[in-house]
Amino acid sequence: MGNWFEQNIIATGRLPLFCYFVTLIVAFIATRINVRLIRAKIGWFRDVNVGEMHIHHVVFGVVLMLVGGVSGLIVSSASQIGYAAAASVFGIGSALVLDEFALILHLHDVYWEEEGRTSVDAVFIAVAVTGLLLIGLRPLTWDYGTPINPALLIVANLALAVVTLLKGKIWTGMAGLFIPPMLVVGTVRLARPGSPWARWRYAKGSPRKMATALRREERWRRPVIRGKIAFQEFLSGRHDLPSTRRSISGKQR
(Lines give C-alpha, C1' and ligand atoms only; values in the text may rest on other atoms or scores of the structure.)
Protein backbone atom coordinates (compact mmCIF):
# COMPACT_ATOMS: atom_id res chain seq x y z
CA MET A 1 0.00 0.00 0.00
CA GLY A 2 2.86 2.35 0.86
CA ASN A 3 4.55 1.66 -2.48
CA TRP A 4 1.31 2.25 -4.37
CA PHE A 5 0.75 5.57 -2.59
CA GLU A 6 4.32 6.65 -3.29
CA GLN A 7 4.22 5.70 -6.97
CA ASN A 8 0.68 6.75 -7.89
CA ILE A 9 0.01 9.73 -5.64
CA ILE A 10 3.23 11.38 -4.47
CA ALA A 11 5.43 10.63 -7.50
CA THR A 12 2.72 11.82 -9.91
CA GLY A 13 2.19 15.08 -8.03
CA ARG A 14 -1.36 14.17 -7.01
CA LEU A 15 -0.88 14.54 -3.25
CA PRO A 16 -2.75 17.89 -3.12
CA LEU A 17 -5.65 16.40 -5.12
CA PHE A 18 -5.67 13.35 -2.85
CA CYS A 19 -5.80 15.56 0.25
CA TYR A 20 -8.64 17.58 -1.29
CA PHE A 21 -10.52 14.36 -2.10
CA VAL A 22 -10.15 12.93 1.41
CA THR A 23 -10.98 16.14 3.28
CA LEU A 24 -14.00 16.78 1.05
CA ILE A 25 -15.46 13.38 1.97
CA VAL A 26 -14.52 13.50 5.66
CA ALA A 27 -15.74 17.07 6.12
CA PHE A 28 -19.05 16.31 4.38
CA ILE A 29 -19.69 13.26 6.59
CA ALA A 30 -18.70 15.21 9.73
CA THR A 31 -20.97 18.10 8.72
CA ARG A 32 -23.93 15.81 8.13
CA ILE A 33 -23.40 14.07 11.47
CA ASN A 34 -23.28 17.49 13.15
CA VAL A 35 -26.46 18.83 11.53
CA ARG A 36 -28.33 15.59 12.23
CA LEU A 37 -27.37 15.87 15.91
CA ILE A 38 -28.50 19.51 15.87
CA ARG A 39 -31.83 18.51 14.33
CA ALA A 40 -32.29 15.80 16.96
CA LYS A 41 -31.32 18.31 19.69
CA ILE A 42 -28.76 15.95 21.17
CA GLY A 43 -26.24 17.22 23.72
CA TRP A 44 -24.58 20.58 23.11
CA PHE A 45 -25.00 20.52 19.32
CA ARG A 46 -26.82 23.71 18.34
CA ASP A 47 -27.05 26.14 15.42
CA VAL A 48 -24.65 29.08 15.34
CA ASN A 49 -26.60 32.29 15.94
CA VAL A 50 -25.58 35.91 16.34
CA GLY A 51 -28.53 37.59 17.97
CA GLU A 52 -31.53 36.59 15.86
CA MET A 53 -29.40 35.83 12.79
CA HIS A 54 -28.60 32.19 12.01
CA ILE A 55 -25.12 31.73 10.55
CA HIS A 56 -25.21 28.94 7.95
CA HIS A 57 -22.12 26.78 7.62
CA VAL A 58 -21.80 27.84 3.99
CA VAL A 59 -20.38 31.10 5.40
CA PHE A 60 -17.52 29.25 7.10
CA GLY A 61 -17.06 27.22 3.92
CA VAL A 62 -16.61 30.33 1.78
CA VAL A 63 -14.00 31.69 4.22
CA LEU A 64 -12.09 28.39 4.24
CA MET A 65 -12.19 28.17 0.42
CA LEU A 66 -10.72 31.67 0.21
CA VAL A 67 -8.02 30.80 2.73
CA GLY A 68 -7.18 27.53 0.97
CA GLY A 69 -7.31 29.02 -2.51
CA VAL A 70 -5.16 32.03 -1.75
CA SER A 71 -2.72 29.89 0.25
CA GLY A 72 -2.38 27.58 -2.73
CA LEU A 73 -1.49 30.55 -4.93
CA ILE A 74 1.26 31.87 -2.70
CA VAL A 75 2.79 28.63 -1.38
CA SER A 76 6.18 27.62 -2.77
CA SER A 77 5.88 25.58 -5.97
CA ALA A 78 8.64 23.31 -4.73
CA SER A 79 6.57 22.09 -1.78
CA GLN A 80 3.93 19.45 -2.37
CA ILE A 81 3.26 19.48 1.37
CA GLY A 82 2.35 23.16 1.27
CA TYR A 83 0.00 22.62 -1.65
CA ALA A 84 -1.47 19.59 0.11
CA ALA A 85 -2.18 21.63 3.24
CA ALA A 86 -3.85 24.37 1.18
CA ALA A 87 -5.85 21.74 -0.74
CA SER A 88 -7.01 20.23 2.54
CA VAL A 89 -8.35 23.56 3.75
CA PHE A 90 -10.00 24.09 0.36
CA GLY A 91 -11.55 20.62 0.57
CA ILE A 92 -13.10 21.33 3.97
CA GLY A 93 -14.47 24.63 2.70
CA SER A 94 -15.84 22.96 -0.44
CA ALA A 95 -17.70 20.38 1.66
CA LEU A 96 -19.33 23.10 3.76
CA VAL A 97 -20.33 25.12 0.69
CA LEU A 98 -21.62 22.18 -1.35
CA ASP A 99 -23.56 20.84 1.63
CA GLU A 100 -25.68 23.99 1.34
CA PHE A 101 -25.65 24.16 -2.45
CA ALA A 102 -29.48 24.03 -2.46
CA LEU A 103 -29.57 27.15 -0.28
CA ILE A 104 -27.38 28.98 -2.80
CA LEU A 105 -29.42 27.66 -5.74
CA HIS A 106 -32.86 28.50 -4.37
CA LEU A 107 -31.85 31.49 -2.20
CA HIS A 108 -34.00 29.89 0.47
CA ASP A 109 -33.29 27.52 3.35
CA VAL A 110 -34.49 24.17 1.99
CA TYR A 111 -31.92 22.05 3.85
CA TRP A 112 -34.31 19.35 5.12
CA GLU A 113 -36.87 19.74 2.35
CA GLU A 114 -37.03 17.72 -0.87
CA GLU A 115 -35.11 20.43 -2.73
CA GLY A 116 -32.30 20.00 -0.21
CA ARG A 117 -31.31 16.72 -1.87
CA THR A 118 -29.66 18.89 -4.54
CA SER A 119 -26.88 19.60 -2.06
CA VAL A 120 -26.16 15.89 -1.60
CA ASP A 121 -26.18 15.40 -5.38
CA ALA A 122 -23.67 18.26 -5.72
CA VAL A 123 -21.32 16.64 -3.18
CA PHE A 124 -21.62 13.25 -4.88
CA ILE A 125 -20.77 14.79 -8.26
CA ALA A 126 -17.79 16.64 -6.79
CA VAL A 127 -16.50 13.43 -5.18
CA ALA A 128 -17.00 11.44 -8.40
CA VAL A 129 -15.24 14.01 -10.61
CA THR A 130 -12.34 14.36 -8.16
CA GLY A 131 -12.02 10.57 -7.97
CA LEU A 132 -11.79 10.32 -11.77
CA LEU A 133 -9.09 13.00 -11.78
CA LEU A 134 -7.26 11.19 -9.01
CA ILE A 135 -7.02 7.94 -10.97
CA GLY A 136 -5.50 9.80 -13.90
CA LEU A 137 -8.46 10.49 -16.21
CA ARG A 138 -8.68 13.96 -17.73
CA PRO A 139 -11.73 15.72 -19.16
CA LEU A 140 -11.92 16.52 -22.85
CA THR A 141 -8.91 14.42 -23.80
CA TRP A 142 -8.30 14.32 -27.52
CA ASP A 143 -5.56 11.76 -28.19
CA TYR A 144 -7.59 8.95 -29.76
CA GLY A 145 -4.96 8.01 -32.31
CA THR A 146 -6.94 9.64 -35.11
CA PRO A 147 -5.81 12.18 -37.72
CA ILE A 148 -8.71 14.50 -36.78
CA ASN A 149 -7.80 17.95 -35.52
CA PRO A 150 -7.66 17.80 -31.68
CA ALA A 151 -9.54 21.08 -31.36
CA LEU A 152 -12.43 19.66 -33.41
CA LEU A 153 -12.60 16.62 -31.14
CA ILE A 154 -12.73 18.82 -28.04
CA VAL A 155 -15.52 20.95 -29.54
CA ALA A 156 -17.41 17.78 -30.52
CA ASN A 157 -17.08 16.40 -26.98
CA LEU A 158 -18.36 19.65 -25.52
CA ALA A 159 -21.32 19.70 -27.91
CA LEU A 160 -22.24 16.12 -27.03
CA ALA A 161 -21.91 16.94 -23.33
CA VAL A 162 -24.26 19.92 -23.66
CA VAL A 163 -26.89 17.82 -25.47
CA THR A 164 -26.58 15.04 -22.89
CA LEU A 165 -27.04 17.49 -20.01
CA LEU A 166 -30.00 19.16 -21.74
CA LYS A 167 -31.57 15.71 -21.97
CA GLY A 168 -31.46 15.55 -18.19
CA LYS A 169 -28.67 12.97 -17.91
CA ILE A 170 -26.44 14.74 -15.40
CA TRP A 171 -24.31 11.78 -14.34
CA THR A 172 -23.83 10.58 -17.91
CA GLY A 173 -22.87 14.09 -19.02
CA MET A 174 -20.34 14.59 -16.22
CA ALA A 175 -18.76 11.14 -16.56
CA GLY A 176 -18.78 11.50 -20.34
CA LEU A 177 -16.36 14.41 -20.13
CA PHE A 178 -13.83 11.81 -18.99
CA ILE A 179 -15.18 8.83 -20.99
CA PRO A 180 -16.41 10.29 -24.33
CA PRO A 181 -18.28 7.17 -25.59
CA MET A 182 -20.79 7.75 -22.78
CA LEU A 183 -21.65 11.09 -24.38
CA VAL A 184 -22.53 9.39 -27.64
CA VAL A 185 -24.91 7.05 -25.80
CA GLY A 186 -26.42 9.93 -23.82
CA THR A 187 -26.94 11.99 -26.98
CA VAL A 188 -28.56 9.22 -29.01
CA ARG A 189 -30.98 7.94 -26.36
CA LEU A 190 -34.26 9.60 -25.47
CA ALA A 191 -34.28 12.53 -23.07
CA ARG A 192 -35.73 12.32 -19.59
CA PRO A 193 -39.36 13.58 -19.64
CA GLY A 194 -38.73 16.53 -17.30
CA SER A 195 -35.61 17.76 -19.11
CA PRO A 196 -35.37 20.95 -21.20
CA TRP A 197 -34.81 18.84 -24.33
CA ALA A 198 -38.07 16.93 -23.76
CA ARG A 199 -40.01 20.15 -23.18
CA TRP A 200 -38.62 21.70 -26.35
CA ARG A 201 -38.73 18.68 -28.67
CA TYR A 202 -41.24 16.13 -27.34
CA ALA A 203 -44.06 18.01 -25.58
CA LYS A 204 -45.75 19.18 -28.79
CA GLY A 205 -43.70 17.90 -31.69
CA SER A 206 -43.25 14.24 -30.67
CA PRO A 207 -45.94 13.04 -28.22
CA ARG A 208 -44.99 9.42 -28.97
CA LYS A 209 -41.41 10.04 -27.86
CA MET A 210 -42.67 11.77 -24.72
CA ALA A 211 -44.88 8.79 -23.89
CA THR A 212 -41.95 6.42 -24.42
CA ALA A 213 -39.71 8.59 -22.25
CA LEU A 214 -42.33 8.57 -19.48
CA ARG A 215 -42.63 4.78 -19.60
CA ARG A 216 -38.86 4.34 -19.45
CA GLU A 217 -38.61 6.85 -16.60
CA GLU A 218 -41.20 4.97 -14.56
CA ARG A 219 -39.93 1.48 -15.34
CA TRP A 220 -36.17 1.90 -15.23
CA ARG A 221 -35.12 5.20 -13.72
CA ARG A 222 -37.55 5.55 -10.82
CA PRO A 223 -36.30 2.41 -9.03
CA VAL A 224 -32.71 3.64 -9.44
CA ILE A 225 -33.67 7.09 -8.09
CA ARG A 226 -35.42 5.52 -5.09
CA GLY A 227 -32.29 3.48 -4.38
CA LYS A 228 -30.10 6.58 -4.70
CA ILE A 229 -32.35 8.56 -2.35
CA ALA A 230 -32.32 5.74 0.21
CA PHE A 231 -28.51 5.66 0.13
CA GLN A 232 -28.27 9.44 0.34
CA GLU A 233 -30.64 9.63 3.29
CA PHE A 234 -28.72 6.88 5.03
CA LEU A 235 -25.69 9.17 4.89
CA SER A 236 -27.26 12.60 5.15
CA GLY A 237 -30.61 12.20 6.92
CA ARG A 238 -34.19 12.40 5.69
CA HIS A 239 -35.27 15.42 3.65
CA ASP A 240 -38.86 15.14 4.83
CA LEU A 241 -40.04 18.65 5.66
CA PRO A 242 -42.81 20.18 3.50
CA SER A 243 -41.58 22.48 0.79
CA THR A 244 -41.81 26.06 2.04
CA ARG A 245 -40.44 27.27 -1.29
CA ARG A 246 -43.46 25.86 -3.16
CA SER A 247 -45.89 27.33 -0.66
CA ILE A 248 -44.26 30.76 -1.02
CA SER A 249 -44.46 30.51 -4.83
CA GLY A 250 -48.14 29.59 -4.55
CA LYS A 251 -48.89 32.63 -2.39
CA GLN A 252 -47.09 34.93 -4.84
CA ARG A 253 -49.34 33.72 -7.66
Side-chain angles (χ1 to χ4, degrees), residues 8-9 12-25 27-28 61 65 68-69 72 83-84 86-88 90-91 93-95 97-102 104-105 117-202 213 216-217 220-221 224-225 227-229 231-232 235:
N8 293 277
I9 302 298
T12 57
R14 295 176 191 160
L15 181 60
L17 186 62
F18 176 81
C19 291
Y20 172 82
F21 180 72
V22 172
T23 53
L24 174 65
I25 295 173
F28 170 69
M65 288 182 72
Y83 277 128
S88 298
F90 195 83
S94 297
V97 170
L98 291 175
D99 188 55
E100 292 204 303
F101 178 78
I104 301 171
L105 179 66
R117 294 195 185 108
T118 307
S119 297
V120 187
D121 287 332
V123 173
F124 277 31
I125 289 174
V127 170
V129 170
T130 307
L132 291 172
L133 290 170
L134 195 58
I135 64 176
L137 295 179
R138 293 292 179 267
L140 300 176
T141 52
W142 52 265
D143 187 10
Y144 301 121
T146 66
I148 302 176
N149 189 314
L152 292 178
L153 289 174
I154 292 175
V155 171
N157 283 346
L158 281 174
L160 293 175
V162 169
V163 172
T164 301
L165 292 172
L166 287 175
K167 286 190 170 186
K169 303 174 183 183
I170 306 301
W171 282 98
T172 302
M174 297 302 296
L177 292 174
F178 297 85
I179 309 172
M182 294 182 66
L183 295 177
V184 177
V185 175
T187 301
V188 171
R189 292 183 60 81
L190 284 175
R192 295 187 61 194
S195 66
W197 188 276
R199 291 196 301 270
W200 299 336
R201 303 293 298 275
Y202 301 166
R216 291 183 179 179
E217 182 81 6
W220 301 109
R221 188 165 181 85
V224 175
I225 291 175
K228 183 197 74 170
I229 290 174
F231 177 68
Q232 287 182 340
L235 292 177

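Position 1 is the first residue of the sequence, and the numbers go up from there. Any value given below was found using the heavy atoms of this structure, including those in side chains, with hydrogens, waters and symmetry copies removed.
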Return the [atom1] to [atom2] distance between [X] and [Y], rounded to the nearest 0.5 Å.
X    : Y    : atom1 : atom2 : result
F18  : T130 : CZ    : OG1   : 12.5 Å
L160 : L165 : CG    : CG    : 11.0 Å
I104 : S119 : CD1   : OG    : 8.0 Å

Those residues at least two apart in sequence (or on a different chain) that pass ring pair (Phe, Tyr, Trp, His ring centres under 6.0 Å) with F101 are none
Taking every non-hydrogen atom, the tightest pair across [X] and [Y]:
X    : Y    : answer
R189 : K167 : O-NZ, 2.8 Å
A213 : P193 : O-CD, 3.9 Å
P16  : G13  : CD-O, 3.7 Å
G91  : T23  : CA-OG1, 3.5 Å
A86  : G72  : CB-N, 3.6 Å

Residues passing the side-chain hydrogen bond (donor to acceptor under 3.5 Å, both in side chains) test with R14, sequence neighbours excluded, are none
For T164, enumerate each residue passing the side-chain hydrogen bond (donor to acceptor under 3.5 Å, both in side chains) test, keeping only those at least two apart in sequence or located in another chain.
T187
Of all residues at least two apart in sequence or in a different chain, which pass the salt bridge (charged side-chain N to carboxylate O under 4.0 Å, His left out) check with R192?
E217
Tell me, do L133 and P139 make a side-chain contact under 4.5 Å, heavy atoms counted?
yes
Taking the side chain as C-beta and beyond, is there a heavy-atom pair between I9 and L17 under 4.5 Å?
no
Sequence-distant partners of [X], side-chain contact (heavy atoms from CB on, under 4.5 Å), two or more places apart:
X    : value
D121 : K228, Q232
V123 : F28, L98, V127
F90  : Y20, M65, S94

Output side-chain donor-acceptor pairs under 3.5 Å for residues 168-186, partner residues at least two apart or in another chain, one line each.
from, atom 1, to, atom 2, distance (Å)
K169, NZ, G186, O, 3.4
K169, NZ, L190, O, 2.9

R201 atom CZ, over 12 foreign heavy atoms within 6.0 Å:
no
